[in-house]
Number of protein chains: 2
Amino acid sequence: MPASDDAPLSVWLRPEKPPRDRRLTRDRIVGRTVEILDAEGHRGLSMRRVATDLGVTAGSLYWYVTTKDELLELALDAVLGEVLADLRAAPAPGWREGLARLARSTRAMMLRHPWVVSDLTAQPNLGPNALALAEAGLAVLSRAGFAERDLDAALAAVNDQVTGAVAAEITWRTVTARAAARWPGEAGDLLAGLHRDHPRLARRMAAATGVDVDAECDRRFTFALDCLLDGLALRLAGGNGGDTTVGAPRGT
Amino acid sequence: MPASDDAPLSVWLRPEKPPRDRRLTRDRIVGRTVEILDAEGHRGLSMRRVATDLGVTAGSLYWYVTTKDELLELALDAVLGEVLADLRAAPAPGWREGLARLARSTRAMMLRHPWVVSDLTAQPNLGPNALALAEAGLAVLSRAGFAERDLDAALAAVNDQVTGAVAAEITWRTVTARAAARWPGEAGDLLAGLHRDHPRLARRMAAATGVDVDAECDRRFTFALDCLLDGLALRLAGGNGGDTTVGAPRGT
DNA sequence: ACCTGAACACCGTTCAAGT
DNA sequence: ACCTGAACACCGTTCAAGT
């Protein structure tokens with residue numbers, strides 16, 4: 001007969017103490033955060049969600065992180081590490097190809113983690129990987145012989161072009177994907193008015209809908225990148241730092 | 001003596017029926033939304049806040065708008081109208097100056113309404129002002145003689161450069177503003193490690209902290225824009241659409 | 001040191017019911 | 001047609017209390 005009503009019936013009915021390896025870590029929290037963001041975007045991410053995924057209460061996350069924004073900062077720097085790894089895996093033959101690889105690698109990372117775009121435009125971005133990435137970019141430009149005062153402006157130009165382009169690419173991709181699912185009812189009126197009021201835009205949109213989305217995105221991305229790199233090449237060859245007039249180019 | 005206990009005591013104690021002009025409109029809702037976003041950012045915006053500001057319940061907004069995202073779409077297009085007004089106020093003398101004005105006007109608008117950056121990277125952006133703006137940009141490039149298939153890519157390049165640059169500018173401005181308030185404790189360690197691990201980045205950051213923030217932001221913005229426009233000029237003059245090699249420039 | 005459980009002050013959205 | 005009031009299912013964050 002039982003000793004008392006609330007004495008334990010058996011060890012097996014009483015859950016084992018949580019083992020050491022089930023404990024939390026910043027890495028484990030950030031890792032799970034990235035996975036949730038990849039799978040469900042910012043809408044799917046909540047402190048409670050991360051916590052329950054890790055078998056823990058929401059409040060316990062605040063032992064490792066003081067705010068949700070901090071968690072996003074950590075997640076951002078984590079995926080920037082992927083770009084850094086790409087860069088270190090392949091040595092850059094010249095400044096132009098070096099910047100192009102940085103741009104392409106960043107774009108690929110952003111398409112793998114579409115949520116970083118909104119993070120990049122709202123976070124301080126001072127993590128170790130972000131700093132290392134900036135240093136690597138500056139090194140490429142510095143070795144190429146760019147003027148000291150143009151180093152950061154040139155790197156920023158490339159980075160800003162990439163983030164802006166990929167941001168537009170992502171929204172374009174999601175819009176076309178959703179529009180294709182429930183065509184043509186909702187967008188029909190818009191297209192009709194478009195031909196009447198904005199003929200050039202209508203023509204361009206018609207030309208873009210037929211072709212392969214991936215190919216079109218690639219084309220626009222490399223077009224903008226090439227334009228920008230050409231402009232930077234002019235500044236390197238002419239040596240007219242700060243002047244807006246175009247000097248004589250000397251190739252790459 | 002009173003007729004009954006729940007009969008009205010006096011007209012003056014009974015609130016007048018709400019007048020017609022206190023009723024809601026999409027314009028009034030969007031207008032108040034923009035004001036709140038300007039003053040307090042995305043964090044300060046909630047359906048309840050907009051509603052109470054307009055003297056109304058939160059639920060009533062859903063008669064005019066089916067979701068909060070829709071409200072943000074409307075707010076985005078509203079401020080894009082400011083750029084359109086700028087463009088129409090001053091005629092563009094040439095394609096290069098036309099694009100430059102578009103870029104500068106867009107940047108000024110974004111600095112007035114910093115919240116649009118996160119909107120632009122997360123919203124479909126198919127409003128009437130957005131469409132009119134795109135058509136105007138395409139018209140400028142088309143008249144300049146750009147190849148038909150390059151029209152949208154070239155316009156997108158400029159727009160993406162602007163949004164990327166202003167996004168970086170805004171976060172840079174807010175970080176430096178907050179950092180200056182509680183200097184040097186928190187950022188001291190970061191700067192110390194910076195000199196050791198990332199010398200070039202440390203040198204560039206040191207060069208940027210002394211100078212006027214506005215002037216530095218202007219410099220970087222025009223640097224990137226000039227580079228991009230130079231690259232576009234090459235494509236216009238050489239007629240080598242799609243080729244990445246640099247042709248001979250012929251000025252603006 | 002690390003985590004729980006419960007609470008606080010919010011959210012967006014829905015929907016019967018009123019006028 | 002337009003708005004209220006109340007509810008539903010969530011949020012981020014805090015903090016005593018446990019171990």
Side-chain angles (χ1 to χ4, degrees), chain A residues 6 8 11 14-34 36-37 39-76 115 118-119 122-124, chain B residues 6 8 11 14-34 36-37 39-76 115 118-119 122-124:
Chain A
D6 52 13
V11 230
R14 192 167 38 83
E16 191 185 10
K17 260 187 188 162
R20 286 240 179 250
D21 60 353
R22 224 177 53 80
R23 283 240 155 78
L24 290 181
T25 318
R26 261 203 181 174
D27 283 349
R28 264 169 62 76
I29 296 174
V30 173
R32 192 67 202 127
T33 299
V34 170
I36 295 174
L37 287 170
E40 310 176 34
H42 269 109
R43 289 213 131 84
L45 184 79
S46 73
M47 290 296 171
R48 284 170 163 89
R49 172 68 194 279
V50 176
T52 54
D53 273 20
L54 296 171
V56 115
T57 331
S60 52
L61 297 179
Y62 289 86
W63 183 262
Y64 299 90
V65 128
T66 65
T67 189
K68 191 189 183 185
D69 282 346
E70 254 189 42
L71 186 55
L72 290 174
E73 268 191 86
L74 293 171
L76 171 60
W115 46 273
S118 14
D119 267 28
Q123 296 289 339
Chain B
D6 51 15
V11 230
R14 193 166 40 82
E16 191 186 12
K17 259 187 189 163
R20 286 242 178 247
D21 62 351
R22 223 178 54 79
R23 284 244 155 76
L24 290 180
T25 319
R26 261 204 181 174
D27 282 349
R28 264 170 60 77
I29 296 174
V30 174
R32 191 67 202 126
T33 299
V34 170
I36 295 174
L37 286 170
E40 310 177 34
H42 269 109
R43 289 213 131 83
L45 184 78
S46 73
M47 291 294 172
R48 285 171 164 88
R49 172 69 195 279
V50 176
T52 54
D53 274 19
L54 296 172
V56 114
T57 331
S60 52
L61 297 179
Y62 289 87
W63 183 262
Y64 299 89
V65 128
T66 64
T67 189
K68 191 189 182 184
D69 281 347
E70 253 188 44
L71 186 55
L72 290 175
E73 268 191 87
L74 293 171
L76 170 59
W115 47 271
S118 15
D119 266 30
Q123 295 289 339

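Chain letters run A, B, ... following the sequence lines, proteins first, then strands; residues in each count from 1.
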Would you say [X] reaches [N]'s phosphate, i.e. side-chain N/O to OP1/OP2 under 4.0 Å?
X	N	value
B:Thr67	C:dT13	yes
A:Arg23	C:dC3	yes
B:Ser46	C:dC11	yes
A:Tyr64	C:dC3	yes
A:Ser60	C:dT4	yes

Gap separating the OG1 atom of A:Thr52 from the CZ atom of A:Arg32, nearest 0.5 angstrom: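 CZ of A:Arg32 is found 9.0 Å from OG1 of A:Thr52.
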Gap separating the OG1 atom of A:Thr33 from the CE atom of A:Met47, nearest 0.5 angstrom: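 Spacing of OG1 (A:Thr33) from CE (A:Met47) equals 7.5 Å.
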Distance, P atom - from C:dA9 to D:dA9, rounded to whole angstrom: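 Per the computed distance, 22 Å lies between those P atoms.
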Rounded to the Å, how far apart are [X] [atom1] and [N] [atom2]?
X	N	atom1	atom2	answer
B:Arg49	C:dG12	CZ	C1'	17 Å
A:Ile29	C:dC2	CD1	P	11 Å
B:Lys68	C:dT13	NZ	P	8 Å
B:Leu61	C:dT14	CG	C1'	14 Å
B:Arg28	D:dC3	CZ	C1'	14 Å
B:Tyr62	D:dC2	OH	P	18 Å
B:Arg48	D:dC8	CZ	C1'	11 Å
B:His42	C:dG12	NE2	P	11 Å

Does the side chain of [Y] come within less than 4.5 Å of [X]'s, by heavy atoms?
X	Y	answer
B:Leu71	B:Tyr64	no
A:Leu72	A:Leu45	yes
A:Trp63	A:Leu24	no

Counter-base of D:dG5, judged by Watson-Crick or G-U geometry with both distances under 3.5 Å: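 C:dC15 is the nucleotide pairing with D:dG5.
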Residue B:Trp63, side-chain atoms from C-beta onward, closest of C:dC3, D:dC11, D:dA1: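 Taking heavy atoms from C-beta onward, the closest nucleotide is D:dA1.
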Proximity to the side chain of A:Thr57 - top-ranked nucleotide from D:dT14, C:dT13, C:dT4: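 It is C:dT4.
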